[in-house]
Amino acid sequence: MRIPFVSGNWKMNTMVTEAEKLILEMLDGLDRIEGVEKVLCPPFVSLVAVNMMLRDSSIKLGAQNMYFETKGAYTGEVSPLMLSELCEFVILGHSERRWYFGETDEIVNKKVKAALSNKLKPILCVGERLAENEAGKTKEVVNRQVTTALDRVDSVSDLVIAYEPVWAIGTGKAASGEQAAATIQFIRDVLAKLWDKSIAQDLRILYGGSVTSANIAEFISHPEIDGALVGGASLKAEEFVSIVEQTAKIKGRIR
Ligand code: 13P
(Lines give C-alpha, C1' and ligand atoms only; values in the text may rest on other atoms or scores of the structure.)
Protein backbone atom coordinates (compact mmCIF):
# COMPACT_ATOMS: atom_id res chain seq x y z
CA MET A 1 0.00 0.00 0.00
CA ARG A 2 1.61 3.27 -1.11
CA ILE A 3 1.03 6.24 1.20
CA PRO A 4 0.02 9.30 -0.83
CA PHE A 5 2.71 11.97 -0.96
CA VAL A 6 2.42 15.70 -1.62
CA SER A 7 5.40 18.00 -1.63
CA GLY A 8 5.70 21.75 -2.08
CA ASN A 9 8.76 22.96 -3.96
CA TRP A 10 9.08 26.64 -3.15
CA LYS A 11 11.98 27.02 -5.62
CA MET A 12 13.90 30.33 -5.31
CA ASN A 13 11.04 32.12 -3.56
CA THR A 14 10.55 33.50 -0.05
CA MET A 15 12.83 35.49 2.21
CA VAL A 16 13.35 33.80 5.58
CA THR A 17 10.63 35.98 7.13
CA GLU A 18 8.25 35.14 4.28
CA ALA A 19 8.97 31.44 4.66
CA GLU A 20 8.16 31.67 8.37
CA LYS A 21 4.94 33.51 7.60
CA LEU A 22 3.91 30.96 4.99
CA ILE A 23 4.58 28.11 7.42
CA LEU A 24 2.41 29.81 10.03
CA GLU A 25 -0.37 30.19 7.49
CA MET A 26 -0.38 26.53 6.43
CA LEU A 27 0.84 24.70 9.51
CA ASP A 28 -2.48 23.96 11.25
CA GLY A 29 -4.35 23.21 8.06
CA LEU A 30 -1.71 20.76 6.87
CA ASP A 31 -0.98 19.23 10.23
CA ARG A 32 -4.53 18.00 10.75
CA ILE A 33 -4.62 16.09 7.44
CA GLU A 34 -3.84 12.44 8.01
CA GLY A 35 -2.85 9.67 5.66
CA VAL A 36 -0.75 11.80 3.31
CA GLU A 37 2.99 12.31 3.64
CA LYS A 38 3.44 16.11 3.51
CA VAL A 39 6.82 17.56 2.64
CA LEU A 40 7.82 21.20 2.27
CA CYS A 41 10.98 22.18 0.39
CA PRO A 42 11.90 25.81 1.12
CA PRO A 43 15.17 27.45 0.02
CA PHE A 44 18.36 26.40 1.85
CA VAL A 45 18.56 29.63 3.86
CA SER A 46 15.17 28.98 5.47
CA LEU A 47 15.75 25.33 6.38
CA VAL A 48 16.96 25.98 9.93
CA ALA A 49 14.04 28.28 10.80
CA VAL A 50 11.46 26.05 9.13
CA ASN A 51 12.92 22.94 10.74
CA MET A 52 12.29 24.47 14.16
CA MET A 53 8.76 25.49 13.26
CA LEU A 54 7.84 22.01 11.98
CA ARG A 55 9.44 20.11 14.82
CA ASP A 56 6.23 19.09 16.61
CA SER A 57 4.16 18.66 13.48
CA SER A 58 3.43 15.88 11.01
CA ILE A 59 4.96 17.96 8.20
CA LYS A 60 8.35 16.92 6.91
CA LEU A 61 11.13 18.96 5.44
CA GLY A 62 13.06 18.61 2.19
CA ALA A 63 15.84 20.52 0.42
CA GLN A 64 15.73 21.42 -3.27
CA ASN A 65 19.22 20.30 -4.24
CA MET A 66 22.62 19.28 -2.83
CA TYR A 67 26.16 18.48 -3.93
CA PHE A 68 27.35 14.89 -4.01
CA GLU A 69 30.46 15.26 -1.87
CA THR A 70 30.13 15.05 1.90
CA LYS A 71 32.48 17.92 2.77
CA GLY A 72 35.50 19.84 1.60
CA ALA A 73 36.65 22.68 -0.61
CA TYR A 74 33.51 23.17 -2.73
CA THR A 75 32.74 26.85 -2.22
CA GLY A 76 29.07 27.62 -2.23
CA GLU A 77 27.83 24.03 -2.20
CA VAL A 78 25.64 22.30 0.40
CA SER A 79 26.36 18.70 1.31
CA PRO A 80 24.07 15.76 2.02
CA LEU A 81 25.65 15.42 5.45
CA MET A 82 24.73 19.02 6.32
CA LEU A 83 21.19 18.48 5.09
CA SER A 84 20.78 15.22 6.97
CA GLU A 85 20.74 17.22 10.22
CA LEU A 86 17.78 19.27 9.02
CA CYS A 87 15.78 17.38 6.40
CA GLU A 88 14.42 13.97 5.61
CA PHE A 89 14.07 14.54 1.85
CA VAL A 90 15.95 16.19 -1.00
CA ILE A 91 14.71 17.00 -4.51
CA LEU A 92 17.25 15.78 -7.08
CA GLY A 93 17.44 16.15 -10.84
CA HIS A 94 14.77 18.83 -11.08
CA SER A 95 14.52 20.00 -14.69
CA GLU A 96 15.49 23.54 -13.65
CA ARG A 97 18.78 22.09 -12.34
CA ARG A 98 19.23 20.00 -15.46
CA TRP A 99 18.53 22.79 -17.96
CA TYR A 100 19.73 25.97 -16.20
CA PHE A 101 22.68 24.48 -14.34
CA GLY A 102 23.84 21.72 -16.67
CA GLU A 103 23.12 18.74 -14.42
CA THR A 104 23.57 15.55 -16.40
CA ASP A 105 22.04 12.15 -15.69
CA GLU A 106 25.47 11.08 -14.38
CA ILE A 107 25.57 13.96 -11.88
CA VAL A 108 22.04 13.13 -10.77
CA ASN A 109 23.15 9.51 -10.26
CA LYS A 110 26.04 10.65 -8.02
CA LYS A 111 23.64 12.82 -6.04
CA VAL A 112 21.11 10.01 -5.58
CA LYS A 113 23.83 7.71 -4.23
CA ALA A 114 25.25 10.43 -1.96
CA ALA A 115 21.81 11.29 -0.60
CA LEU A 116 20.98 7.67 0.22
CA SER A 117 24.32 7.04 1.89
CA ASN A 118 23.68 10.08 4.10
CA LYS A 119 20.19 8.88 5.04
CA LEU A 120 18.37 11.45 2.91
CA LYS A 121 15.41 10.33 0.85
CA PRO A 122 15.63 11.55 -2.75
CA ILE A 123 12.65 12.92 -4.65
CA LEU A 124 14.05 12.13 -8.09
CA CYS A 125 12.60 14.30 -10.87
CA VAL A 126 12.38 13.13 -14.46
CA GLY A 127 10.51 14.42 -17.48
CA GLU A 128 10.77 15.25 -21.14
CA ARG A 129 11.02 18.66 -22.85
CA LEU A 130 8.39 19.93 -25.27
CA ALA A 131 10.37 19.05 -28.40
CA GLU A 132 11.02 15.55 -27.08
CA ASN A 133 7.34 15.13 -26.30
CA GLU A 134 6.34 16.30 -29.76
CA ALA A 135 8.88 13.98 -31.35
CA GLY A 136 7.32 11.02 -29.50
CA LYS A 137 10.43 10.56 -27.35
CA THR A 138 8.85 10.76 -23.88
CA LYS A 139 9.42 7.10 -23.00
CA GLU A 140 12.96 7.08 -24.36
CA VAL A 141 13.92 10.17 -22.32
CA VAL A 142 12.26 9.07 -19.10
CA ASN A 143 13.71 5.58 -19.42
CA ARG A 144 17.22 7.02 -19.81
CA GLN A 145 16.79 9.45 -16.92
CA VAL A 146 15.47 6.80 -14.51
CA THR A 147 17.93 4.10 -15.56
CA THR A 148 21.00 6.35 -15.33
CA ALA A 149 19.93 8.05 -12.09
CA LEU A 150 19.53 4.66 -10.42
CA ASP A 151 22.63 3.03 -11.85
CA ARG A 152 24.38 1.04 -9.11
CA VAL A 153 21.92 2.20 -6.45
CA ASP A 154 21.55 -0.62 -3.92
CA SER A 155 18.05 0.04 -2.65
CA VAL A 156 15.21 2.25 -3.82
CA SER A 157 12.98 1.76 -0.80
CA ASP A 158 13.61 5.36 0.35
CA LEU A 159 13.12 6.86 -3.07
CA VAL A 160 10.21 8.86 -4.46
CA ILE A 161 10.04 9.68 -8.18
CA ALA A 162 8.33 12.76 -9.61
CA TYR A 163 7.34 12.76 -13.26
CA GLU A 164 7.47 16.42 -14.27
CA PRO A 165 7.17 17.06 -18.00
CA VAL A 166 9.25 20.20 -18.59
CA TRP A 167 6.57 21.76 -20.81
CA ALA A 168 4.07 21.60 -17.95
CA ILE A 169 6.24 23.31 -15.34
CA GLY A 170 5.21 26.86 -14.51
CA THR A 171 3.28 27.17 -17.77
CA GLY A 172 -0.26 26.65 -16.56
CA LYS A 173 -0.47 23.85 -19.14
CA ALA A 174 -0.60 20.71 -17.03
CA ALA A 175 -0.49 17.29 -18.62
CA SER A 176 -3.80 15.48 -18.68
CA GLY A 177 -4.44 12.89 -15.99
CA GLU A 178 -4.33 10.16 -18.65
CA GLN A 179 -0.99 11.37 -20.07
CA ALA A 180 0.58 11.57 -16.62
CA ALA A 181 -0.80 8.18 -15.56
CA ALA A 182 0.47 6.51 -18.74
CA THR A 183 4.02 7.80 -18.29
CA ILE A 184 3.98 6.96 -14.60
CA GLN A 185 2.88 3.41 -15.42
CA PHE A 186 5.74 3.27 -17.92
CA ILE A 187 8.20 4.40 -15.19
CA ARG A 188 6.86 1.63 -12.97
CA ASP A 189 7.49 -0.88 -15.78
CA VAL A 190 11.06 0.42 -16.12
CA LEU A 191 11.56 -0.02 -12.37
CA ALA A 192 10.14 -3.52 -12.51
CA LYS A 193 12.74 -4.42 -15.13
CA LEU A 194 15.59 -2.78 -13.22
CA TRP A 195 14.63 -4.19 -9.81
CA ASP A 196 11.60 -6.40 -9.50
CA LYS A 197 7.87 -6.12 -9.70
CA SER A 198 7.15 -5.79 -5.99
CA ILE A 199 9.78 -3.06 -5.52
CA ALA A 200 8.30 -1.18 -8.49
CA GLN A 201 4.83 -1.65 -7.05
CA ASP A 202 5.84 -0.15 -3.68
CA LEU A 203 7.65 2.94 -4.95
CA ARG A 204 5.71 6.18 -4.99
CA ILE A 205 5.55 8.14 -8.23
CA LEU A 206 4.18 11.68 -8.29
CA TYR A 207 3.06 14.03 -11.00
CA GLY A 208 4.38 17.62 -11.14
CA GLY A 209 3.71 20.53 -13.50
CA SER A 210 1.11 23.27 -13.04
CA VAL A 211 -0.75 21.37 -10.31
CA THR A 212 -3.41 23.50 -8.58
CA SER A 213 -6.35 22.94 -6.28
CA ALA A 214 -8.52 23.02 -9.41
CA ASN A 215 -6.79 20.12 -11.20
CA ILE A 216 -5.24 17.94 -8.47
CA ALA A 217 -8.27 15.62 -8.47
CA GLU A 218 -7.70 14.80 -12.14
CA PHE A 219 -4.26 13.40 -11.29
CA ILE A 220 -4.72 11.62 -8.03
CA SER A 221 -7.92 9.90 -9.03
CA HIS A 222 -5.64 7.70 -11.15
CA PRO A 223 -4.42 4.80 -9.00
CA GLU A 224 -0.99 4.94 -10.68
CA ILE A 225 -0.39 8.51 -9.46
CA ASP A 226 0.57 8.64 -5.80
CA GLY A 227 0.56 12.40 -5.28
CA ALA A 228 2.08 15.62 -6.54
CA LEU A 229 5.16 17.80 -6.53
CA VAL A 230 3.73 21.30 -6.48
CA GLY A 231 5.58 24.48 -7.41
CA GLY A 232 3.72 27.79 -7.68
CA ALA A 233 0.57 26.62 -5.90
CA SER A 234 2.60 25.58 -2.85
CA LEU A 235 3.39 29.25 -2.20
CA LYS A 236 -0.25 29.95 -1.37
CA ALA A 237 -1.29 28.44 1.94
CA GLU A 238 -4.97 27.92 1.18
CA GLU A 239 -4.24 26.48 -2.23
CA PHE A 240 -1.63 24.01 -0.97
CA VAL A 241 -3.74 22.88 1.99
CA SER A 242 -6.61 22.24 -0.42
CA ILE A 243 -4.34 20.15 -2.69
CA VAL A 244 -3.27 17.98 0.25
CA GLU A 245 -6.83 17.75 1.58
CA GLN A 246 -8.21 16.60 -1.77
CA THR A 247 -5.42 14.04 -2.05
CA ALA A 248 -6.34 12.60 1.34
CA LYS A 249 -10.02 12.47 0.43
CA ILE A 250 -9.65 10.99 -3.04
CA LYS A 251 -7.10 8.43 -1.96
CA GLY A 252 -9.65 7.35 0.65
CA ARG A 253 -7.70 8.41 3.69
CA ILE A 254 -10.33 10.76 5.14
CA ARG A 255 -14.02 11.18 4.51
P1 13P B 1 4.71 24.39 -11.01
O2 13P B 1 3.73 23.68 -10.10
O3 13P B 1 4.92 25.83 -10.64
O4 13P B 1 4.39 24.16 -12.44
O5 13P B 1 6.14 23.70 -10.76
C6 13P B 1 6.23 22.34 -10.74
C7 13P B 1 7.57 21.95 -10.25
O8 13P B 1 8.56 22.19 -10.92
C9 13P B 1 7.66 21.31 -8.94
O10 13P B 1 8.93 20.81 -8.71
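Indexing begins at 1, ligand by ligand and atom by atom, following the structure's order.
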Inset, instruction - Report, in ascending order of atom number, the atoms of ligand 1 lying under 4.0 Å from any heavy atom of G232. - result: 1 (P), 2 (O), 3 (O)
Legend entry - Subset of ligand 1 atoms that lie under 4.0 Å from at least one heavy atom of L229: 9 (C), 10 (O)
Inset, instruction - Mind telling me whether F219 and Y207 have parallel, tilted or perpendicular rings, with 30° and 60° as the class edges? - result: parallel
Legend entry - ligand 1 atoms in contact with H94 (distance to a heavy atom under 4.0 Å): 7 (C), 8 (O), 9 (C), 10 (O)
Inset, instruction - Only heavy atoms count here, so choose which of G231, G170, G172 is nearest to atom 4 (O) of ligand 1. - result: G170
Inset, instruction - Calculate, to the nearest 0.5 Å, the distance between atoms CD and CZ belonging to E37 and F5 respectively. - result: 5.5 Å
Inset, instruction - Would you kindly check if the NZ (Lys) or CZ (Arg) of K111 is within the cone defined by 45 degrees around the ring axis of F68 and under 6.0 Å from the six-membered ring centre? - result: no
Inset, instruction - Consider ligand 1: state whether an atom of it lies below 4.0 angstrom from any non-hydrogen atom of A233. - result: no
Inset, instruction - Look at E96 together with K11 and state whether they make a salt bridge at an N to O cut-off of under 4.0 Å. - result: yes
Legend entry - Proximal atoms of ligand 1 relative to E164 (non-hydrogen, under 4.0 Å): 6 (C), 7 (C), 8 (O), 9 (C), 10 (O)
Inset, instruction - Before signing off on this row, confirm whether S210 and ligand 1 have an N or O atom pair separated by under 3.5 Å. - result: yes
Inset, instruction - Answer with yes or no whether the side chains of N118 and S84 bring together a donor and an acceptor at under 3.5 Å. - result: no
Legend entry - Sidechain-backbone polar pair: N143 side chain, E140 backbone, donor-acceptor under 3.5 Å: no
Inset, instruction - With heavy atoms of N9 as the reference, note each atom of ligand 1 found under 4.0 Å away. - result: 9 (C), 10 (O)
Inset, instruction - Check the pair E238, S242 against side chain to side chain donor-acceptor pair (under 3.5 Å), reporting the backbone distance first and the verdict last. - result: CA-CA 6 Å; E238 224 177 290; S242 167; over 6 Å; no
Legend entry - Atom indices of ligand 1, in the order listed, that fall short of 4.0 Å to a heavy atom of K11: 5 (O), 6 (C), 7 (C), 8 (O)
Inset, instruction - Measure the distances from the heavy atoms of G208 to every atom of ligand 1 and state whether one is below 4.0 angstrom. - result: no
